[in-house]
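Atom set for the values below is all heavy atoms of this structure, side chains included, hydrogens, waters and symmetry mates excluded.
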Amino acid sequence: MRRPRKFFSLIIILILINVLFFSFWYAFGGRNLFRNWLTGMVGTLLKADISMTDLHISDKQIFAQNIHFATKDSLISVNADNIRVSYNLYKFIFSGFKPKGVVGSVEISKPIVALNYTPKPKTRKPKPKREFKLPDLSGYFRKLTLEDGSFSANIHIPLKIVNKGNLSIEESLSNINLIVNNNKFIDIDLKANTSLGGTISVMGRLDRGRIDRAEADIAGFKPLYITHPDIRDFRSELNLNASYREPADSSAAMYMGKALIWNSTAVLLDKYPVKIPLISAEADGANLSGRLTRSTLGSSDIEADFMLRNIGKRMSFDGSALKANLDLGMILPQLSGMVHAEA
């Protein structure tokens, strides 16, 4: 009879803990106290401002509403309608507070992410970079979903082409949907729409931090805004299909890809119109081939084909060809005439 009595006593203790917890949580304002403590602690650790309008906690889930996150340096800001995390509290307790297998699902609704990046001047000698490895997240959660998200980027990079200035890039994504299933493998499915009618699709599988396979497809991507003191009115369209995988035997990674860049136009140095009908490139993991159709820069033109073999080893050009007609007046105003070159 001792075991049933011990089990019954344990049940009574757990019930009392729940009663005391929820009495404190709802009747005595514990929810608000914990919410303020949690946002303050996490904000201090991440050097960010964090807030939420409501927080619900039970023995099965955490549900937060109207979450706001912004780094102190204004690099990243995130707003989300709500985040729901389901978990098994008793498994966490009886496993000796081990996190694996505790979280069931994570649901993020309508996140809005903004990135504002301008590099800061380097004041210290950069530390040597370590080889990046994907963390092994297998077993920590079963499923993650992100619904109807959006992303905007505003980037300014100091760059000298002819004149010094910032290369400014603005881009946005909408209708971002992400599903991550974490069972024996981690399967990832990401889809999004670009600002000017294109689509992005990424699918992949991770095996304990190894990229078992990854596939990306970008269709009809047109940059929203790119400018520089030497470049204005830039327009282009990109179609890309690529795949990548890391073999289980730790041999060299395998990748393939094909890119088509259509109808690229711009004005260079405020006086030379640029028109590039098509740039195509294709890689098979060992070789890279490409073609530049007849393109114009002011009154000059160029077209080229190239083949680069043994990428990553002793690379060599093979079967490359170039044709160009250069207007000498574009180099020095006092010169006139055209120079024709073939290689």
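With rounding to the nearest 0.5 angstrom, the CD atom of Glu282 is 9.0 Å from the CG atom of Leu260. Note that the CZ atom of Arg205 and the CG atom of Asp189 stand 12.5 Å from one another [nearest 0.5 Å]. Atoms CD1 and CG, from Ile261 and Asn239 in turn, are 10.0 Å apart once rounded to the nearest 0.5 Å. For the atom pair Ser152 OG and Ile112 CD1, the distance stands at 9.0 Å (nearest 0.5 Å). Ser172 OG to Leu115 CG: the interatomic distance, rounded to the nearest 0.5 Å, is 12.5 Å. Taken from CZ in Arg291 to CE in Met307, the straight-line distance is 13.0 Å, to the nearest 0.5 Å.
Counting heavy atoms from C-beta outward, Met52 and Ile83 have side chains that stay 4.5 Å or more apart. Ile62 is listed as a side-chain neighbour of Tyr87, based on a closest heavy-atom distance under 4.5 Å. At a threshold of 4.5 Å between non-hydrogen side-chain atoms, the residues Val180 and Ile186 count as touching. Side-chain contact between Val339 and Leu328: present, with at least one pair of heavy atoms (C-beta onward) separated by less than 4.5 Å. The shortest distance between side-chain heavy atoms of Tyr117 and Leu75 falls below 4.5 Å. No side-chain heavy atom of Ile226 sits under 4.5 Å from any side-chain heavy atom of Ile231. Using a 4.5 Å heavy-atom cutoff, the side chains of His56 and Gln65 are in contact. Looking at Leu173 and Thr194, their side chains come closer than 4.5 Å, going by heavy atoms from C-beta outward.
A salt bridge between Arg210 and Asp212 is present, with a side-chain N of the basic residue lying under 4.0 Å from a carboxylate O of the acidic one.
Counted by atom type alone, Ser251 and Asp249 present one or more donor-acceptor pairs between their side chains at under 3.5 Å. For the 3.5 Å distance criterion, the side chains of Asn66 and His68 fail to qualify, holding no donor opposite an acceptor. Using modelled atom types, one finds a donor on one side chain and an acceptor on the other under 3.5 Å when comparing Asp230 with Asn163. Using a 3.5 Å distance cut-off with no hydrogens or angles, the side chains of Ser105 and Ser86 do pair a donor with an acceptor. Residues Ser236 and Ser264 have side chains that bring a donor and an acceptor to within less than 3.5 angstrom of each other.
Remark: the backbone N or O of Ile169 is not paired with any side-chain donor or acceptor of Tyr225 at under 3.5 angstrom. Glu303 places no side-chain N or O within donor-acceptor distance of the main-chain N or O of Lys323, the cut-off being under 3.5 Å. The backbone N or O of Ser109 sits nowhere less than 3.5 Å from a side-chain atom of Glu147 that would complete a donor-acceptor pair. Proximity of a side-chain donor or acceptor of Thr71 to a complementary backbone N or O of Ile76 within less than 3.5 Å is detected. Not one N or O on the side chain of Asn175 forms a donor-acceptor pair closer than 3.5 Å with the backbone of Asn193. The closest donor-acceptor contact from the side chain of Asn182 to the backbone of Lys143 lies at 3.5 Å or more, if one exists at all.
Of all heavy-atom pairs between Leu196 and Pro223, the closest is CD1-O, 3.6 Å. Smallest separation of non-hydrogen atoms from Arg309 and Asn287: CA-OD1, 3.2 Å. Scanning both residues, Leu167 and His228, for their nearest heavy atoms gives N-CD2, 3.8 Å. In plain terms, the two heavy atoms of Lys222 and Ser195 that are nearest each other are O-OG, 4.4 Å. Contact record, Asp327 with Gly337: OD1-O, 3.5 Å, taken as the closest heavy-atom pair. Val202 approaches Ala216 most closely through the heavy-atom pair CG2-CB, 4.3 Å.
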Exercise for review: Given side-chain contact (heavy atoms from CB on, under 4.5 Å), test Phe234 with Val274 step by step and report yes or no.
Suggested key: CA-CA 9 Å; Phe234 177 79; Val274 178; over 6 Å; no
**Study point:** From CA spacing to verdict: side-chain contact (heavy atoms from CB on, under 4.5 Å), Leu206, Ile188
**Key:** CA-CA 8 Å; Leu206 301 179; Ile188 301 170; 4.1 Å; yes
Practice item. Take Asp207 and Arg213 through the side-chain contact (heavy atoms from CB on, under 4.5 Å) test and state the conclusion after the steps. Key: CA-CA 9 Å; Asp207 180 9; Arg213 59 178 174 81; over 6 Å; no
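Using a 30° and 60° split on the angle between ring planes, Tyr255 and Tyr244 fall in the parallel class, below 30°.
Under the side chain to side chain contact (heavy atoms under 4.5 Å, CB included) test applied with Lys110, the options Leu146, Ile176, Asp81, Asn82 reduce to a single match, Asp81. Of the residues Leu278, Ile276, Asp301, the one that meets the side chain to side chain contact (heavy atoms under 4.5 Å, CB included) test with Arg294 is Asp301.
A single hydrophobic cluster is not seen to contain both Phe63 and Phe69; linkage of ILVMFWY side chains at heavy-atom distances under 4.5 Å, directly or through other members, places them apart. By the rule that hydrophobic residues join a cluster once side-chain heavy atoms approach within less than 4.5 Å of another member, Ile179 and Met203 end up as members of separate clusters.
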